Number of protein chains: 2
Amino acid sequence: MKIARRIDLMTHENLDYIERLRAGGYRVTPQRLIVLDAICEIPGHASLSQIFARVAHLDPSIDRSTIYRALDVLCAVGLATETTIDPQGKTYSIAGARHHHLSCGSCGQILTIPDEELADFQRRMLQKHGFRIQSEHLAFKGLCRECLDPTKG
Amino acid sequence: MKIARRIDLMTHENLDYIERLRAGGYRVTPQRLIVLDAICEIPGHASLSQIFARVAHLDPSIDRSTIYRALDVLCAVGLATETTIDPQGKTYSIAGARHHHLSCGSCGQILTIPDEELADFQRRMLQKHGFRIQSEHLAFKGLCRECLDPTKG
DNA sequence: ATTACTGCAAAGGATTTGCATGTGA
DNA sequence: TCACATGCAAATCCTTTGCAGTAAT
């Protein structure tokens, strides 16, 4: 591994990503680091197209299939999270920033709520069903304040 | 419409499905009723493959594209619900039976919980954010009791 | 009689896979 | 070295679309 790309400037909060990969029995390759870098820099949930675009910026020779495989590996070692909420395809994001979304079906607005607001519910599921919720990003659909209020558009 | 298929024996709880379709400006076709019948009989969330199999049982000439279009119409008039939680594709179910799932990422077991268990959370979101959650079927991923317990496989 | 709906076939987009080559450990 | 990872191309799977014939109203 002898690249001198922008990857060298990366400053991830989780600096143990190399150890994580090795611990999982995976090799540390520039492609995997570049993909990790990409989802770090894309705010929120990243589609494959977005990731591909950003990856291509650093190294245009990286293939889509490599990105898919890299994402599988990153998810396997817990560095990334895969989400299936968008009908257009899977989305990916950095693990660790647990948060959730309230998505308005009328105006499309998306509110972000911290994981703490789900804490009571998660505690209850653990007590009542012995189930530990691990979802990193949940999306709740519904109507926002403005769309619920009949006095507004 | 002159079929004498099993559709005639249908006993949906929502007997107003014909009115619903007409009210939406849609025509009442045997294909649409057969698709509605199919998702009524499939417990939980139905994949297109499942729906297709059941529909073919009643009328093998119905095309997949017709099923997709019928599902769009049924969702549009509020008789069915589309869900995007399965990476394999969209799933569909009869509207009205609000419930949610706890899906174990280790053993694959799926627990079903009634909507009431989310009531507190939904109430809080309404109070705090003015947001009314309408999701019909939520899926929470995590670990079930057996997989959390180290004394078992 | 209109006009929407269906079946068929083909296209489109996302994701996966086989394989020869390249490379991290 | 040598097993694992990559790039390329082709294949798969899910879903959508165009169109001419068919059926609901």
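These numbers come from a predicted model, not from an experiment. Just so it is clear: chains get the letters A, B, ... in the order the sequence lines come, proteins before strands, and each one is counted from 1.
For D:dA5, the OP1/OP2 oxygens have a side-chain nitrogen or oxygen of A:Arg32 closer than 4.0 Å. An OP1 or OP2 oxygen of D:dC14 is reached within less than 4.0 angstrom by no side-chain nitrogen or oxygen of A:Lys90. Between B:Tyr68 and the phosphate of D:dT15, there is a side-chain N or O to OP1/OP2 separation shorter than 4.0 Å. The side chain of B:Thr66 contributes an N or O atom lying less than 4.0 Å from OP1 or OP2 of C:dG7.
A:Phe52 and A:Ile62 fall within the same hydrophobic cluster, where Ile, Leu, Val, Met, Phe, Trp and Tyr residues are linked whenever their side-chain heavy atoms come under 4.5 Å apart, directly or through other members.
When heavy atoms are screened at a 4.0 angstrom cut-off, A:Arg22 is found touching the sugar-phosphate backbone but no base atom.
Ring orientation note: the planes of A:His45 and A:His99 are nearly perpendicular, at an angle over 60° on the 30°/60° scale.
Atom P of nucleotide C:dC8 and atom CD1 of B:Ile67 are separated by 12 Å, given to the nearest angstrom. Per the geometry, OH belonging to B:Tyr92 stands 12 Å off P belonging to D:dC14, to the nearest Å. To the nearest angstrom, P of C:dG13 lies 17 Å from CD of A:Gln50. Whole-Å rounding puts the A:Ile34 CD1 to C:dG24 C1' distance at 15 Å. The CD-C1' distance, from B:Glu82 to D:dT15, rounds to 11 Å in whole Å. Here the C1' atom of nucleotide C:dG24 and the CD atom of A:Gln31 are 11 Å apart, to the nearest Å. The CG-C1' distance, from A:Asp72 to D:dT6, rounds to 14 Å in whole Å. Atoms CD (B:Gln88) and C1' (C:dT16) sit 11 Å apart, rounded to a whole Å.
Residues B:Glu117 and A:Arg124 are not paired through a salt bridge, judged by the lack of any N-O separation under 4.0 Å between the basic side chain and the carboxylate. Salt bridge present: A:Arg123 and A:Asp120 bring a charged side-chain N and a carboxylate O closer than 4.0 Å.
When all heavy atoms of B:Arg32 and B:Leu74 are compared, the closest pair comes out as O-CD1, 4.1 Å.
Judged by closest nucleotide on DNA chain D, A:Val73 is the one of A:Val73 and A:Ser65 placed further toward the 5' end. Two residues, B:Asp63 and A:Ser49, neighbour DNA chain C, and the one matched to the more 5' nucleotide by heavy-atom proximity is B:Asp63. With the nearest nucleotide of DNA chain C identified for both B:Arg69 and A:Gly89, B:Arg69 has the one nearer the 5' end.
Contact annotation: side chain of A:Arg27 to base of D:dA3, donor-acceptor pair present below 3.5 Å. For D:dG7, the base has no donor-acceptor partner in the side chain of A:Arg64 [N/O atoms by modelled type, under 3.5 angstrom].
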